[in-house]
Amino acid sequence: MPIEIPKPLRATAVSSIQRYFAENMEEPIGNIAADGLLDYFLQEIGPLVYNQAISDAQTRMQQRAAELDIELHEEPMQYWIKADRGRKSR
């Protein structure tokens, strides 16, 4: 599944790459070259980041699912226990 970036964000990313080159490299990079570099990173490195994010989210969801019984547990057969407590406090 290719990673797609909406056009406005893609333009911002290309501008960011150009600025990075202007401020940190000896040679500036043009718009077409920056767009190509962005494509390269999205195809080559993007899946690594994406897969790690999915793995992290999956781990967190599994942790949360394991905690459901603790967070949402209700003791059964509590009506008379609660009713008796209410009578004693009167």
Side-chain angles (χ1 to χ4, degrees):
M1 179 171 89
I3 298 172
E4 299 290 329
I5 298 176
K7 285 186 179 187
L9 290 175
R10 185 177 186 90
T12 302
V14 168
S15 293
S16 179
I17 292 169
Q18 288 179 293
R19 182 177 176 183
Y20 179 85
F21 268 75
E23 293 183 11
N24 296 292
M25 302 295 184
E26 293 180 17
E27 296 286 326
I29 189 171
N31 192 41
I32 294 172
D35 192 61
L37 185 60
L38 178 59
D39 273 338
Y40 169 76
F41 283 127
L42 289 175
Q43 290 178 31
E44 188 70 11
I45 297 168
L48 294 171
V49 175
Y50 178 84
N51 291 340
Q52 184 61 51
I54 293 298
S55 177
D56 291 348
Q58 185 178 29
T59 298
R60 183 65 183 130
M61 292 294 291
Q62 288 170 345
Q63 289 171 344
R64 294 290 294 165
E67 295 169 356
L68 280 176
D69 63 333
I70 296 167
E71 289 183 25
L72 302 175
H73 181 80
E74 287 290 329
E75 287 293 324
M77 306 301 207
Q78 295 295 304
Y79 178 83
W80 293 113
I81 294 170
K82 290 177 184 176
D84 289 343
R85 281 188 204 140
R87 288 188 195 130
K88 290 178 184 177
S89 64
R90 290 185 196 171

Is the backbone of [Y] close enough, under 3.5 Å, to the side chain of [X] for a donor and an acceptor to pair up by distance?
X     : Y     : answer
Ser55 : Asn51 : no
Gln78 : Pro76 : yes
Ser16 : Thr12 : no

Between [X] and [Y], which heavy-atom pair has the shortest distance, and what is it?
X     : Y     : value
Arg87 : Trp80 : NH2-CZ3, 3.9 Å
Ile3  : Pro47 : CD1-N, 3.8 Å
Gln18 : Gly30 : NE2-C, 3.3 Å

Nearest 0.5 angstrom please: [X] [atom1] to [Y] [atom2], how far?
X     : Y     : atom1 : atom2 : result
Gln43 : Leu38 : CD    : CG    : 10.0 Å
Asp69 : Glu67 : CG    : CD    : 9.0 Å
Leu37 : Leu42 : CG    : CG    : 9.5 Å
Met77 : Glu75 : CE    : CD    : 11.5 Å

key: Heavy atoms of other groups near Met61 CE, more than 12 under 6.0 Å   =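 Incorrect, the count does not exceed 12.
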inquiry  = Let's go through Arg10 and Asp39 carefully: what are the C-alpha distance in whole Å and the side-chain angles of both, what is the deciding distance for side chain to side chain contact (heavy atoms under 4.5 Å, CB included) to 0.1 Å, and is it a yes or a no?
reply    = CA-CA 10 Å; Arg10 185 177 186 90; Asp39 273 338; 2.5 Å; yes
Is there a continuous path of hydrophobic side-chain contacts, each under 4.5 Å between heavy atoms, that joins [X] to [Y]?
X     : Y     : value
Ile32 : Tyr40 : no
Leu48 : Ile5  : no
Ile29 : Met25 : yes

ask   = Partners of Gln58 by side-chain hydrogen bond (donor to acceptor under 3.5 Å, both in side chains), sequence neighbours excluded?
value =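 None.
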ask   = Given Gln63 and Thr59, is the side chain to side chain contact (heavy atoms under 4.5 Å, CB included) satisfied, shown in steps?
value = CA-CA 6 Å; Gln63 289 171 344; Thr59 298; 4.0 Å; yes
